[in-house]
Amino acid sequence: MDPSKALEVLSEFGPDGLSVSELIDSRTNGGLTYNDFLVLPGFIDFSADGVSLETKVSKNITLKTPFVSSPMDTVTESEMAIALALMGGIGIIHNNCTSEAQAAMVKKVKLFENGFIADPIVLSADHTIKDVLEIKRRLGFGGFPITDNGKIGGKLIGIVSMRDILFNKNYDTKLREVMSTDLVTANSGVSLSEANSILKKSKKGKLPIVDHDFNLVSLLSLSDLMKNLDYPLASKNPVTKQLLVGAAIGTRMADYDRLAKLVEVGVDLIILDSSQGNSVYQIEMIKHIKSTYGDKVDVVAGNVVCREQAANLIMAGADGLRIGMGSGSICITQEVMAVGRPQGTAVHQVSKYARMFGVPTIADGGVGNIGHIAKALCLGASTVMMGGLLAGTTETPGDYFYLEGKRMKKYRGMGSLDAMNQSEKTSTDDSGSQARYFSESDKIKVAQGVTGSVSDKGSVKSFIGYLTTGLQHSLQDMGIKSVSELYPAVESGKVRFEQRSPSAQLEGGVHGLNSYEKKLYSTA
Ligand code: IMP
């Protein structure tokens, strides 16, 4: 046959593979997991690095990458939230701690990166080296302006940096003895770019901004300047330039107070943390958040796995939904509770419905590789939430230890006995993690998660870089230029699927080798 007729003849066959509804329908008797299907390749006429991963995590919050970290006490505290926001995603700070500790972690993220730091930590000449070291330990940075009254607005008299105190072991030494008084400053009213060039020329770490009486107005930091250059995708508030951060809460009485504390320190996204979100408690909490703080925070409700659950939460005003029940890598909910749903089916059924109301969804749990992320987005999710995939990175809480010669970190379910017992110890109120899985009237704690360990993965910044590049290549293979175009292309039938039999799954993995080493990425 004439090769120029190839396209014409193709149309006689009808589209190859399955549409998304055929894929879902084909599994009504078993449910679909990410491993049960593949996406068929499309046509490439663009480069992978041009693929946009911009997406919404909730109605009013847009991210440059679709990555969200789980609110778990072995995954997300300030360090993870900062790293993820720098890489274009968002971290959700866990609530297995007192409300004060959780608010302090949110604050640390908000303080991390600023244009002009309007509310810097300021010390007086009577503070000591010990005070500086203590603040450095708590907040992670170590250069402070010194004013006559120890407050912003006071007259600037010096600046102390780690270099000034490094070799002084007398921790009671007053800062007046060690501070630098040879100061480079800029006058208030200076533009950010002018201030940045003064800072660069000065070769100092900090640039205090002062008024005409030499009173301290704000501060500019060199490390922020470097970070601004290094992280073009960073998730930031466009006005304050602060990083975006989320926090988990429950729905008990004490959570209303926890919520107020989190809003006060500037949290952007609240996640109602429950394994079964379809409850009168969530509906009440959503309404409270929307009526009290609707202009300040978005609220994501859940978890849900079916449309009926989603309907109640959407009607109550949820800005996003979190999907997943029993798919988490540390989860035994399906085994113990007999409830849940295979994650692929759950993500599609809820996302397709939620999209009709403009409510973005987060596919939560069971994400073990880049392919799973791509498939979750194909099935309609706007973002993915990851626990196990990020566990073991440097930025997760906890120390490394060695197990059978391998460097490990602990990773545990928030419904594990280990986490629930910790919650009892550290939460002064009743709003910690055990509220997710355990009612106060219960006499016995029934575990819904396990405790385990995961290998050292290095810095999450490199790891998210790997996920970002890998996901861009995945979309390129599908012939799709952006996350926002993906689901419409899936719904229209342009993106096609194939089921994956057990032998197809074996074929798609590494096979037939005596031994091999699986290295996932290397940096240039
Ligand atoms: P992973 O990414 O597969 O490890 O799953 C993480 C997700 O599992 C979290 O975001 C939670 O939704 C869920 N999860 C966390 N702790 C537990 C638990 O103890 N039991 C059941 N699910 C959990």
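Start at 1 and go down the list; that is how both ligands and their atoms are numbered.
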Any N or O of [X] that comes nearer than 3.5 Å to an N or O of ligand 1?
| X | result |
| --- | --- |
| Leu389 | no |
| Gly366 | yes |
| Met414 | yes |
| Gly388 | yes |
| Gly415 | yes |

Main-chain N/O of His372 paired with Asn369 side-chain donor or acceptor, under 3.5 Å: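 It does hold such a pair.
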
Flag, side chain of Lys59 to backbone of Gly358, donor-acceptor distance under 3.5 Å: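 No, the answer is negative, given that no donor and acceptor are paired below the 3.5 Å cut-off.
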
We want to know whether [X] and [Y] form a side-chain donor-acceptor pair, criterion being a heavy-atom distance below 3.5 angstrom.
| X | Y | answer |
| --- | --- | --- |
| Thr76 | Ser69 | yes |
| Thr251 | Gln282 | no |
| Ser47 | Asp49 | yes |
| Ser474 | Asp477 | no |

For [X], take its heavy atoms, then give the atoms of ligand 1 lying under 4.0 Å from any of them.
| X | result |
| --- | --- |
| Ser329 | 1 (P), 3 (O), 4 (O), 5 (O) |
| Gly365 | 3 (O), 5 (O) |
| Ser416 | 19 (O) |
| Gln448 | 18 (C), 19 (O), 20 (N), 21 (C) |
| Ile330 | 8 (O), 14 (N), 15 (C), 16 (N), 17 (C), 23 (C) |

At a 4.0 Å cut-off, with the gap strictly under it, does some heavy atom of [X] reach an atom of ligand 1?
| X | result |
| --- | --- |
| Asp364 | yes |
| Arg412 | no |
| Gly324 | no |

Nearest option to atom 5 (O) of ligand 1, as decided by whichever heavy atom of Ser274, Ala248, Gly328, Ser70 sits closest: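 Nearest heavy atom to atom 5 (O) of ligand 1 lies in Gly328.
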
Region of Ala419 that comes within reach of ligand 1 [heavy atoms, distance under 4.0 Å]: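 The answer is neither.
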
Enclosure of Asp399 CG (heavy-atom neighbours >12, cutoff 6.0 Å):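 Counting neighbours around CG of Asp399, 12 or fewer heavy atoms of other residues, nucleotides or ligands fall under 6.0 Å, so no.
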
Heavy-atom neighbours of Tyr521 OH exceed 12 at 6.0 Å: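 More than 12 within 6.0 Å, yes.
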
Ring geometry between Tyr353 and Phe357 (parallel below 30°, tilted from 30 to 60°, perpendicular above 60°):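 Taking Tyr353 first and then Phe357, their aromatic rings stand perpendicular (interplane angle over 60°).
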
Any Val347 side-chain heavy atom under 4.5 Å of Lys375 side chain: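 No. Closest side-chain heavy atoms not under 4.5 Å.
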
